[in-house]
Amino acid sequence: MLSFLASTRRTMKFIITISREFGSGGREIGQKLAGEFGIPFYDKELLARASKDSGICEDLFYRNDESHSNSLLYSLVMGTFPTTGDGKIRADMPLNHKLFLAQFDAIKKIAEEGPCVLVGRCADYVLREEKNVIHFFINADLAAKKKRILERYDIEKDKALDFIKKTDKNRANYYNYYSDMKWGEAKNYDLCVNSSALGVDGTVKLLKTFIEVKEEMSK
């Protein structure tokens with residue numbers, strides 16, 4: 001088994017980004033997919049990395065995760081974002097901008113380290129110009145999403161749908177605000193999958209097959 005994983009690590013060359021609807025199982029799918037290829041996985045782990053690299057309190061990243069109040073991505077892309085002469089984040093920059101920039105930089109650094117799975121946080125947009133990146137979007141039927149979050153969160157049954165809609169709205173607003181693309185729009189991804197159709201394990205198998213085919217075609 002260990003020799004198989006070592007072999008996979010040597011041959012696997014893609015960075016995988018996963019955007020996901022709340023309750024679709026995107027995190028679990030990403031974790032299992034990373035395990036299949038023996039590569040690092042980043043979801044909340046990305047926040048810890050951004051905190052470590054930037055020196056900003058990790059709790060601030062969690063409390064402001066995938067939320068926004070003002071756009072900064074255009075200036076990031078154009079290379080005119082507000083930093084000091086030595087490239088450090090300006091002290092007077094609004095907090096949400098500091099957090100986004102720290103995550104932006106962390107995603108870039110993680111991608112430079114090699115194959116991995118990155119979940120959410122505009123990773124697909126940040127890495128859109130990079131080679132050897134595959135972008136997935138995971139959605140699910142509303143009933144399946146409701147069932148999933150009721151099993152995993154301490155929330156009243158009659159509030160579950162509002163919780164789902166609010167979380168997805170926040171994710172969409174964050175993505176749409178910090179990028180020039182639309183969250184969940186099929187053309188922005190290499191493959192969109194309804195996890196309700198195949199379940200988590202079936203979806204993992206599908207994504208793995210897609211990656212393997214893509215890798216074979218790129219040889």
**Report entry** Check against salt bridge (charged side-chain N to carboxylate O under 4.0 Å, His left out), K147 and E151
**Finding:** CA-CA 6 Å; K147 180 177 183 296; E151 292 173 348; 2.6 Å; yes

Would a 4.5 Å heavy-atom cut-off, applied to side chains only, mark [X] and [Y] as touching?
X    : Y    : value
K169 : K165 : no
P115 : F14  : no
L207 : I138 : yes
F61  : K44  : no
I29  : R20  : no
Y42  : I107 : no

Report task. Evaluate the side chain to side chain contact (heavy atoms under 4.5 Å, CB included) criterion for residues K146 and K157: first the C-alpha distance (whole Å), next the side-chain angles of each, then the deciding distance (0.1 Å), finally the verdict. Result -> CA-CA 9 Å; K146 180 179 178 181; K157 189 174 182 180; 4.2 Å; yes

Under 3.5 Å, side chain of [X] to main-chain N/O of [Y], donor-acceptor pair present?
X    : Y    : value
D141 : A143 : no
N188 : K182 : yes
D43  : G120 : no
S195 : S24  : yes

Taking all non-hydrogen atoms of both residues into account, name the closest pair between [X] and [Y] and its distance.
X    : Y    : result
S19  : D124 : OG-OD1, 3.8 Å
V193 : N139 : O-OD1, 2.8 Å
I149 : I155 : O-CG2, 4.4 Å
A102 : A50  : O-CB, 3.8 Å
L127 : A111 : CD2-CB, 3.7 Å
V133 : H135 : CG1-CE1, 3.1 Å

At what distance, to the nearest 0.5 angstrom, does [atom1] of [X] lie from [atom2] of [Y]?
X    : Y    : atom1 : atom2 : result
R128 : D180 : CZ    : CG    : 6.5 Å
S51  : D59  : OG    : CG    : 9.5 Å
D201 : L206 : CG    : CG    : 12.5 Å
L150 : E156 : CG    : CD    : 10.5 Å
I211 : S218 : CD1   : OG    : 12.0 Å
I164 : R148 : CD1   : CZ    : 11.5 Å

**Report entry** Electrostatic pair D53:R49 at N-O distance under 4.0 angstrom
**Finding:**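 Between R49 and D53 there is a salt bridge, with a charged N closer than 4.0 Å to a carboxylate O.
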
Query raised in the report: Below 4.0 angstrom, N of the basic side chain to O of the carboxylate: do E45 and R27 qualify?
Result: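 So E45 pairs with R27 through a salt bridge.
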
Query raised in the report: Tell me the ring-ring contact (aromatic ring centres under 6.0 Å, His included) pairs involving residues 191-211, sequence neighbours left out?
Result: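 Every ring-ring contact (aromatic ring centres under 6.0 Å, His included) pair that includes a residue of residues 191-211, provided the two are not neighbours, is F136-F210.
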
Query raised in the report: According to the ring-ring contact (aromatic ring centres under 6.0 Å, His included) rule, which pairs have a member within residues 142-165, sequence neighbours left out?
Result: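 Checked against ring-ring contact (aromatic ring centres under 6.0 Å, His included) - neighbours excluded - the pairs reaching residues 142-165 are F22-Y153, F22-F163, Y153-F163.
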
Report task. Please test F41 against L33 for side chain to side chain contact (heavy atoms under 4.5 Å, CB included), starting from the C-alpha separation and ending with a verdict. Result -> CA-CA 9 Å; F41 170 80; L33 190 62; over 6 Å; no

Query raised in the report: Relative to each other, are the rings of F137 and Y189 parallel, tilted or perpendicular (30° and 60° limits)?
Result: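 Ring orientation, 0 to 90° scale: tilted.
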
Query raised in the report: Honestly curious: do L191 and V200 fall in one hydrophobic cluster under the side-chain, below-4.5 Å linking rule?
Result: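 Linked within one cluster.
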
Query - Derivation of the side chain to side chain contact (heavy atoms under 4.5 Å, CB included) call for E21 and R171 - result: CA-CA 8 Å; E21 290 182 347; R171 288 178 178 176; 5.7 Å; no

Report task. Only counting residues at least two apart or in another chain, list the ones meeting side-chain hydrogen bond (donor to acceptor under 3.5 Å, both in side chains) with E130. Result ->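 Testing E130 for side-chain hydrogen bond (donor to acceptor under 3.5 Å, both in side chains), a comparison that skips the adjacent residues, returns K108.
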
Query raised in the report: Between R121 and L47, does a side chain to side chain contact (heavy atoms under 4.5 Å, CB included) hold up when you go through it step by step?
Result: CA-CA 10 Å; R121 299 165 189 87; L47 305 183; 3.6 Å; yes

